[in-house]
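When a ligand or atom number is given, it counts from 1 through the structure's own listing order.
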Amino acid sequence: MIYSERIRLRRNERSDISKFVEWLNDPEVRRHLSMNLPISQANEEQWFENMLKLPASEQPFGIEIREDVPGVDTWRLIGNCSFMDINWTVRSAEAGIFIGDKTCWNKGYGTEVMRLLLRYGFETLNLNRIYLRVDEDNKGGVRAYEKAGFVHEGRFRQGTFRDGKYGDVLIMSVLHSEWNLGKKAE
Ligand SMILES: CC(C)(COP(=O)(O)OP(=O)(O)OC[C@H]1O[C@@H](n2cnc3c(N)ncnc32)[C@H](O)[C@@H]1OP(=O)(O)O)[C@@H](O)C(=O)NCCC(=O)NCCS
């Protein structure tokens with residue numbers, strides 16, 4: 001487990017699959033995800049088996065929040081996040097996240113997950129550059145990543161196609177040196 005103030009990240013279990021199928025079939029949740037077509041339980045079971053074959057550094061984490069039950073340490077799954085395409089020569093990785101439980105949007109969890117992934121990526125995996133791609137019109141995502149310390153780096157023009165229209169995809173990143181400076185400023 002990897003902990004921060006209100007969340008923890010843990011490895012995915014087979015028992016998570018049905019939640020993922022439910023969330024990833026919700027058009028609002030998958031709207032800005034790269035895999036934006038409907039999925040089945042069998043698709044997700046296949047994803048899970050393939051995921052187990054990935055290097056440990058690229059296996060996703062379930063995002064859990066602490067339930068407000070006095071005296072009991074209970075955690076609830078709300079989404080997933082991961083590093084992908086780690087390049088050990090340049091020590092870079094792409095970060096990805098989805099919060100499937102929509103009641104948890106706009107409560108600062110996305111920002112907190114990204115901050116935690118940055119700490120894990122820089123301090124545990126010894127990465128030097130962490131980047132992500134986000135649809136320009138995913139305003140909540142862009143804002144969350146800015147709050148976590150990601151800076152705007154570039155754009156794929158007409159990099160996505162949705163509802164019959166092209167849209168731009170933004171590239172945002174954080175370098176280890178910038179993240180260290182941010183830590184000192186805290
Ligand atoms: C994108 C996502 C991870 C963001 O997580 P989150 O927990 O909702 O984000 P946070 O609450 O930390 O931050 C969101 C910020 O955007 C703001 N925001 C939300 N919608 C906005 C809009 N339409 N315009 C401007 N700002 C907006 C919120 O007010 C908040 O900023 P604030 O704290 O300054 O008020 C989450 O919404 C999600 O998983 N969505 C579905 C899947 C997805 O899009 N994944 C990302 C693909 S790159």
Side-chain angles (χ1 to χ4, degrees), residues 2-10 12 16-39 43-44 47 51 58-68 75-86 92-121 127 129-163 165-174 179 182 186:
I2 305 171
Y3 291 87
S4 67
E5 203 179 320
R6 298 179 302 159
I7 59 168
R8 70 178 186 183
L9 305 182
R10 62 149 172 85
N12 289 134
D16 299 335
I17 291 175
S18 54
K19 266 286 163 211
F20 293 156
V21 174
E22 176 192 325
W23 288 333
L24 296 172
N25 276 316
D26 179 333
E28 274 191 285
V29 173
R30 67 164 191 253
R31 180 170 177 77
H32 293 292
L33 297 177
S34 53
M35 42 81 57
N36 57 3
L37 300 176
I39 61 162
N43 291 146
E44 203 58 7
W47 168 84
M51 180 274 291
E58 295 192 11
Q59 289 187 15
F61 291 110
I63 304 163
E64 291 188 326
I65 59 170
R66 199 189 287 274
E67 291 276 50
D68 200 11
W75 294 83
R76 179 164 65 87
L77 185 70
I78 63 164
N80 236 29
C81 64
S82 65
F83 285 126
M84 301 160 281
D85 293 328
I86 298 184
S92 79
E94 179 169 1
I97 177 174
F98 81 86
I99 294 176
D101 182 337
K102 293 188 287 189
T103 66
C104 293
W105 287 2
N106 297 320
K107 292 183 175 167
Y109 291 122
T111 306
E112 194 170 330
V113 170
M114 282 325 224
R115 286 189 179 134
L116 187 52
L117 268 189
L118 289 174
R119 174 154 65 84
Y120 171 71
L127 294 170
R129 166 185 154 77
I130 296 172
Y131 66 98
L132 55 80
R133 288 175 282 178
V134 57
D135 292 350
E136 185 173 32
D137 61 350
N138 186 353
K139 301 293 182 198
V142 172
R143 178 82 189 113
Y145 309 145
E146 286 171 344
K147 285 192 297 173
F150 282 80
V151 298
H152 290 265
E153 183 175 274
R155 68 175 60 223
F156 291 127
R157 294 176 304 151
Q158 300 191 358
T160 187
F161 184 77
R162 197 180 332 101
D163 301 333
K165 282 188 294 223
Y166 290 105
D168 288 359
V169 176
L170 306 181
I171 315 295
M172 303 177 74
S173 68
V174 189
W179 183 76
E186 274 169 15

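Partners of Asn25 under the side chain to side chain donor-acceptor pair (under 3.5 Å) rule, at least two apart in sequence or in another chain, do not exist in this structure.
Listed by first then second residue, pairs satisfying salt bridge (Lys or Arg N to Asp or Glu O under 4.0 Å) with a partner in residues 21-36 read Lys19-Glu22, Asp26-Lys102, Glu28-Lys102, Arg31-Asp163, not counting sequence neighbours.
Distance alone, capped at 3.5 Å, places no donor-acceptor pair between the Asp135 side chain and the Val169 backbone. Under a 3.5 Å cut-off, the side chain of Glu58 and the backbone N or O of Ile86 do form a donor-acceptor pair.
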Under 3.5 Å, which donor-acceptor pairs link side chains of residues 142-151 to any protein atom two or more places apart or in another chain?
from   : atom 1 : to     : atom 2 : distance (Å)
Glu146 : OE2    : His152 : NE2    : 2.7
Lys147 : NZ     : Thr111 : OG1    : 3.3

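Using cut-offs of 30° and 60° for the angle between ring planes, the Phe20 and Trp47 rings count as perpendicular.
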Kindly print each ligand 1 N/O atom paired with any protein N/O atom under 3.5 angstrom away, one pair per line, or none if nothing qualifies.
from     : atom 1 : to     : atom 2 : distance (Å)
ligand 1 : 7 (O)  : Gly110 : N      : 2.7
ligand 1 : 8 (O)  : Asn106 : N      : 2.8
ligand 1 : 11 (O) : Lys107 : N      : 3.2
ligand 1 : 11 (O) : Gly108 : N      : 2.7
ligand 1 : 12 (O) : Thr111 : N      : 2.9
ligand 1 : 12 (O) : Thr111 : OG1    : 2.5
ligand 1 : 13 (O) : Lys147 : NZ     : 3.4
ligand 1 : 33 (O) : Lys147 : NZ     : 2.6
ligand 1 : 34 (O) : Arg143 : NE     : 3.1
ligand 1 : 34 (O) : Arg143 : NH2    : 3.3
ligand 1 : 39 (O) : Ile99  : N      : 2.6
ligand 1 : 44 (O) : Asn138 : ND2    : 3.0
ligand 1 : 45 (N) : Ile97  : O      : 3.0

